[in-house]
Q: 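The structure that follows is given in the form of structure tokens.
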Amino acid sequence: MSEIIKHGVIHEDDWTVLRLGEGEDATSVELPAGRVIVPLAVWLARRDTLGAQAEAGVLGVWLAGTEDPATLADDLLRLQLIAVDFPKFADGRGYSIATLLRARHGYGGELRAIGEVLRDQFSYLTRCGFDSLQPATGRYTRPQLEAALASLKDFSDPYQGAVDRAEPLFRRVTRKVAA
Amino acid sequence: MYQYDEYDQRIVDERVAQFRDQTQRYLAGELGEDEFRPLRLQNGLYIQRYAPMLRIAVPYGNLRADQMRMLGHIARTYDRGYGHFTTRQNLQFNWPRLEDVPEILAKLATVQMHAIQTSGNCIRNVTSDPFAGVAADEDIDPRPWCEIVRQWSTFHPEFAYLPRKFKIAVNGAKEDRAVIQVHDIGLDLKRDAEGRIGFRVLVGGGLGRTPIIGEEISPFVPWQDILSYCEAILRVYNLNGRRDNAYKARIKILVKALGIDAFRSQVEAEFAHLKGGPATLTVDEVHRVADHFVDPSYETLPASDAGYTDQLAANKAFAAWARRNVRAHKQPGYASVVLSLKKTGIAPGDITADQFDSVAVLADAFGFGEVRVTHEQNLVLADVKQSDLFAVWEAARDAGLATPNIGLLTDIIACPGGDFCALANAKSIPIANAIQARFDDLDYLHDIGEIEINISGCMNACGHHHVGHIGVLGVDKNGQEWYQVSIGGDQGNDTALGKVIGPSFAADEMPDVISSLIETYTANRHDDERFIDTVRRVGADPFKTRVYADREARKQAHV
Ligand code: HEM
Ligand code: SF4
């Protein structure tokens with residue numbers, strides 16, 4: 001069990017993220033029991049057999065920073081969970097991948113940030129369309145996570161549009177010229 | 001100039017609160033060094049050789065008198081009484097305490113200032129022409145567009161963790177004074193055949209260790225689409241720029257690797273999805289922003305002020321200053337004044353707390369309360385009545401800001417170098433000062449005419465050495481500080497990268513090297529030819545030959 005933030009609330013979570021180890025192969029790797037998020041390669045290799053699990057909401061797919069979200073374009077209605085991996089928190093490709101999944105491809109299911117997911121990036125991650133944030137297990141104490149939740153509201157009115165609010169400030173409100 | 005409304009103000013206030021919390025968690029050991037680094041960098045905070053360095057944003061170089069006073073207050077209270085203007089029109093404090101930074105940011109926020117995105121791998125402070133709005137050769141005022149880009153890029157959630165930093169510059173005049181060709185994105189304001197406004201867009205320029213001149217990615221992007229177009233460029237870069245090697249991570253490397261045509265097709269494909277989307281600019285928004293940049297209430301004056309003409313004739317020192325430090329203005333009877341931060345013996349770009357105050361007084365009394373920063377590290381009072389010039393000169397002279405050297409040899413651009421910067425191979429400031437000391441004769445300086453010497457302490461090129469007519473680069477040779485010299489670089493419309501003349505020099509040789517270069521120029525020049533023109537016409541060889549022959553002669557003389 002790990003604690004994640006989902007829709008702005010702390011949740012116990014039982015999904016396992018499967019990462020291919022040295023010498024493991026997407027076609028043959030054994031999937032752990034329970035709810036599992038598999039690498040894109042596993043999904044692409046075994047889509048036919050895994051499809052039902054995905055539709056039942058017990059199997060999700062994760063993308064690496066190098067992977068094109070368009071690869072999943074035809075699967076988006078079946079998938080209920082897609083995760084994007086942050087190998088390092090400073091590797092910002094995931095923000096664009098999430099934006100594309102949501103804004104370009106219209107993905108509406110759970111979008112989860114995994115990997116090195118740190119609280120000081122929560123707000124940007126959320127704005128790019130992640131609705132669930134999974135820091136490494138044990139990375140934060142409960143009080144720290146609670147404080148982090150508060151920081152999701154650090155900025156009340158961002159300038160530019162993003163996935164969470166598509167319209168930029170100049171379209172959301174009437175800004176007057178100060179006299 | 002732009003004034004915050006409640007939204008702008010709330011954003012900087014919220015940023016202060018956020019950074020205060022992050023700093024507290026860092027000091028409490030909750031936030032590790034590696035995790036804190038990008039957070040502090042995105043608030044302009046470096047940890048330097050001796051102390052932290054705080055870089056404060058001066059959006060496209062625009063400042064107000066009250067902001068100058070606040071900077072003076074901060075210099076006095078939290079620093080050692082001075083600050084440093086940079087080639088990106090920002091301001092750096094070299095000695096703040098980390099613990100004080102949240103407080104400094106809070107004070108800055110009270111005068112609508114911040115340090116947001118002045119460092120880190122994000123979109124940096126937008127830079128532009130220091131004479132925007134007043135230059136006679138301006139087609140379109142770049143400032144509203146800079147402000148629009150500033151707001152769009154501030155806390156852009158998708159582009160806060162790019163492969164590397166990202167710099168955008170905007171030009172709206174015939175002569176580019178914003179060095180747009182060496183920026184990640186250069187925006188050149190244009191009108192199409194029907195007179196509609198848009199941008200010629202350059203991409204992939206940059207200095208640093210691999211200097212590259214930007215290439216045109218689009219001849220004309222209509223203004224409505226400019227943010228969407230930038231977003232397309234940034235997204236392609238964010239997804240495809242190299243992240244395995246920080247030295248190859250700038251967009252220029254991606255553009256070179258793909259070739260401009262392939263890069264353009266990726267951007268166009270992305271842009272096709274974004275065009276017409278919510279980021280499309282509206283007439284209302286552009287007008288709202290542009291209303292902040294209307295002309296101040298100029299008086300109707302004759303083109304030339306009789307009193308000013310008399311003062312010029314009567315006072316040689318004033319005339320020498322006016323010749324270099326006063327620029328023509330679009331409005332009859334007005335002029336722009338450059339306040340020199342290049343006094344001999346002072347680090348180029350340095351300004352004391354008292355000078356901040358003096359400039360504020362001058363701006364209030366004679367300049368509609370506004371000040372600009374140039375990327376050559378000087379200050380500008382953009383709108384001064386000709387009839388006030390004499391008073392401005394006297395006050396500037398008393399404040400040590402009237403060195404009559406703008407555009408001349410002693411108006412040197414230099415990075416902080418080894419005196420402050422942890423990355424330096426060599427010191428920059430003492431080299432600048434030694435050169436200034438050598439060329440202290442004003443008549444000779446005027447005779448040499450316009451020339452730009454740019455000095456960087458390492459190949460990161462903060463001192464723009466690649467685009468100096470003479471470029472000086474600090475290099476490390478077996479743990480010793482040496483200097484590589486290049487000539488033929490230029491900025492502006494004729495942007496060119498200088499070529500290294502040969503083996504490097506020890507610090508104490510540098511004034512002699514510059515003398516040799518200058519003497520070669522004066523011996524070869526045609527009438528009215530600037531140093532750079534002569535270099536272009538005769539080539540680098542005569543300069544090289546002379547510099548190394550003189551060096552040999554000096555060695556012989558010492559044996
Ligand atoms: C003292 C602390 C400073 C540090 C640690 C620092 C660090 C760096 C680094 C690492 C780069 C190269 C980045 C790259 O090529 O990707 C760079 C470039 C640059 N810096 Fe600085 N810098 C400092 C101060 C300054 C100052 C004072 C100025 C202005 C005088 C400045 C202006 C620039 C400019 C114009 C570039 C070149 C941008 C380009 O490559 O297009 N920096 N700096
Ligand atoms: S050029 Fe090098 S030495 Fe100079 S400030 Fe930049 S990083 Fe430091």
Side-chain angles (χ1 to χ4, degrees), chain A residues 65-69 86-100 103-105 116 118-121 123-130 140-141 144 147-148 150-151 153-179, chain B residues 3-8 10-11 14-15 17-18 21-22 25 30-31 34-39 120-122 148 150-163 227 231 234-241 243 270 273-274 277-282 284-292:
Chain A
T66 46
E67 288 167 342
D68 183 355
F86 290 82
K88 295 200 185 86
F89 75 92
D91 180 341
R93 288 175 292 194
Y95 295 92
S96 287
I97 293 174
T99 301
L100 287 171
R104 177 77 35 84
H105 302 296
E116 195 172 22
L118 303 179
R119 58 171 285 189
D120 289 291
Q121 284 77 50
S123 132
Y124 284 160
L125 290 166
T126 307
R127 290 191 57 204
C128 288
F130 288 101
Y140 293 116
T141 63
Q144 284 173 333
S151 70
K153 301 195 189 71
D154 275 350
F155 292 96
S156 21
D157 260 313
Y159 285 124
Q160 61 298 99
V163 172
D164 62 338
R165 275 181 275 190
E167 307 236 291
L169 186 61
F170 65 81
R171 289 181 186 274
R172 297 197 303 267
V173 303
T174 307
R175 300 183 68 182
K176 288 197 194 64
V177 173
Chain B
Q3 307 279 339
Y4 283 6
D5 68 5
E6 54 182 308
Y7 295 98
D8 303 298
R10 192 179 316 144
I11 282 173
E14 287 171 339
R15 176 58 147 200
Q18 182 193 45
D21 171 60
Q22 290 168 342
R25 280 189 281 128
E30 234 183 88
L31 195 56
D34 286 349
E35 294 174 12
F36 185 54
R37 185 179 307 112
L39 306 178
N121 296 333
C122 51
I148 284 168
R150 181 191 79 82
Q151 299 197 9
W152 164 76
S153 60
T154 298
F155 304 142
H156 199 301
E158 189 181 341
F159 306 129
Y161 293 96
L162 296 168
L227 297 182
E231 188 173 325
L234 263 302
R235 184 167 296 151
V236 170
Y237 170 54
N238 190 38
L239 285 168
N240 302 295
R243 290 176 185 269
E270 188 56 41
H273 292 286
L274 299 173
T280 308
L281 282 167
T282 60
D284 281 355
E285 173 63 359
V286 174
H287 282 170
R288 178 188 76 82
V289 177
D291 273 353
H292 290 277

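Since the model is a prediction, treat every value here as computed from it, not as a measurement. In what follows, chains carry the letters A, B, and so on, assigned in the order in which the sequence lines appear, proteins first and then strands, with residues in each chain numbered from 1.
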Q: Using a cut-off of under 4.5 Å for heavy-atom pairs, which of B/Glu30, B/Glu6, B/Glu35 has the most such pairs with chain A?
A: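 So the answer, after comparing B/Glu30, B/Glu6, B/Glu35, is B/Glu35.
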
Q: For B/Ala279, is it the side chain, the backbone, both, or neither that has a heavy atom closer than 4.5 Å to a heavy atom of chain A?
A: backbone

Q: Sorted by first residue and then second, give each side-chain hydrogen bond (donor to acceptor under 3.5 Å, both in side chains) pair with at least one member in residues 163-172 of chain A; sequence neighbours left out.
A: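 Output for this query lists A/Asp157-A/Arg172.
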
Q: Who passes salt bridge (charged side-chain N to carboxylate O under 4.0 Å, His left out) against A/Glu116, sequence neighbours left out?
A: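 With neighbours one apart ignored, the set is empty.
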
Q: Answer yes or no: is there a side-chain heavy-atom contact under 4.5 Å between B/Leu274 and A/Arg104?
A: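 Side chain of B/Leu274 against side chain of A/Arg104, heavy atoms only: contact under 4.5 Å found.
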
Q: Assign the ring pair B/Tyr161 / A/Tyr124 to parallel, tilted or perpendicular, where the plane angle (0 to 90°) is split at 30° and 60°.
A: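 Because their plane-to-plane angle is over 60°, the rings of B/Tyr161 and A/Tyr124 count as perpendicular.
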
Q: Under a 4.5 Å heavy-atom cut-off, does chain A meet the side chain of B/Arg37, its backbone, both or neither?
A: neither

Q: For A/Arg175, which atoms come within 4.5 Å of any heavy atom of chain B: side chain, backbone, both, or neither?
A: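 Looking at A/Arg175, backbone and side chain both touch chain B.
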
Q: Which pair of heavy atoms, one from B/Asn238 and one from A/Arg93, lies closest together, and at what distance?
A: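 In this case the closest contact between B/Asn238 and A/Arg93 is O-CG, 3.3 Å.
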
Q: Heavy-atom pairs under 4.5 Å with chain B: which of A/Cys128, A/Ser156, A/Gly65 has the most?
A: A/Ser156

Q: What option among A/Asp120, A/Thr99, A/Thr126, A/Val173 has the most heavy-atom pairs under 4.5 Å with chain B?
A: A/Asp120

Q: Of the listed residues (A/Gln144, A/Lys88, A/Arg119, A/Gln121), which shares the most heavy-atom pairs with chain B below a 4.5 Å separation?
A: A/Arg119

Q: Picking from A/Phe170, A/Phe89, A/Tyr95, which has the most non-hydrogen pairs under 4.5 angstrom with chain B?
A: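 Ranked by contacts with chain B, first place is A/Phe170.
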
Q: Sort A/Leu169 into side chain, backbone, both or neither according to what part of it lies under 4.5 angstrom from a heavy atom of chain B.
A: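 Just the side chain, heavy atoms under 4.5 Å.
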
Q: With chain A as the partner, which of B/Arg25, B/Glu231, B/Gln22 has the greatest number of non-hydrogen pairs under 4.5 Å?
A: B/Arg25

Q: Check whether B/Arg288 gets within reach of chain A through its side chain, its backbone, both or neither, counting any heavy atom under 4.5 Å.
A: both

Q: Test B/Asp8 against A/Tyr159 for side-chain contact (heavy atoms from CB on, under 4.5 Å), laying out the working first.
A: CA-CA 9 Å; B/Asp8 303 298; A/Tyr159 285 124; 2.5 Å; yes

Q: Flag the one option from A/Leu125, A/Leu100, A/Val163, A/Thr174 with the top tally of heavy-atom pairs under 4.5 Å to chain B.
A: A/Leu100

Q: When you measure from the side chain of A/Gln160 to the backbone N and O of B/Thr154, does any donor-acceptor pair fall under 3.5 Å?
A: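 Looks like yes, one N/O pair under 3.5 Å.
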
Q: Where does A/Ser151 contact chain B at under 4.5 Å (heavy atoms): side chain, backbone, both or neither?
A: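 A/Ser151 has no heavy atom closer than 4.5 Å to chain B.
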
Q: Where on A/Thr66 is there a heavy atom nearer than 4.5 Å to chain B: the side chain, the backbone, both, or neither?
A: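 Neither the backbone nor the side chain of A/Thr66 comes within 4.5 Å of chain B.
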
Q: Examine whether an atom of B/Ile11 lies under 4.5 Å from a heavy atom of chain A, and if so say whether it belongs to the side chain, the backbone or both; otherwise answer neither.
A: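 Both parts, heavy atoms under 4.5 Å.
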
Q: Should A/Asp154 and B/Asp21 be marked as a side-chain contact (heavy atoms from CB on, under 4.5 Å) after you check the CA-CA gap, both sets of side-chain angles, and the distance that decides it?
A: CA-CA 11 Å; A/Asp154 275 350; B/Asp21 171 60; 6.0 Å; no

Q: For a 4.5 angstrom cut-off between non-hydrogen side-chain atoms, does A/Pro168 reach B/Pro278?
A: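 Of all side-chain heavy-atom pairs linking B/Pro278 with A/Pro168, at least one is under 4.5 Å.
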
Q: Just give me the residue among B/Val289, B/Thr280, B/Asp291, B/Leu227 that pairs up with chain A most often, heavy atom to heavy atom, under 4.5 Å.
A: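 Counting heavy-atom pairs under 4.5 Å, the top option is B/Thr280.
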
Q: What are the two closest non-hydrogen atoms of A/Gly92 and B/Arg243, and how far apart are they?
A: N-NH1, 3.1 Å

Q: Given heavy-atom pairs under 4.5 angstrom as the criterion, report whether the side chain, backbone, both or neither of B/Leu31 touches chain A.
A: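 When you check distances to chain A, only side chain atoms of B/Leu31 fall under 4.5 Å.
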
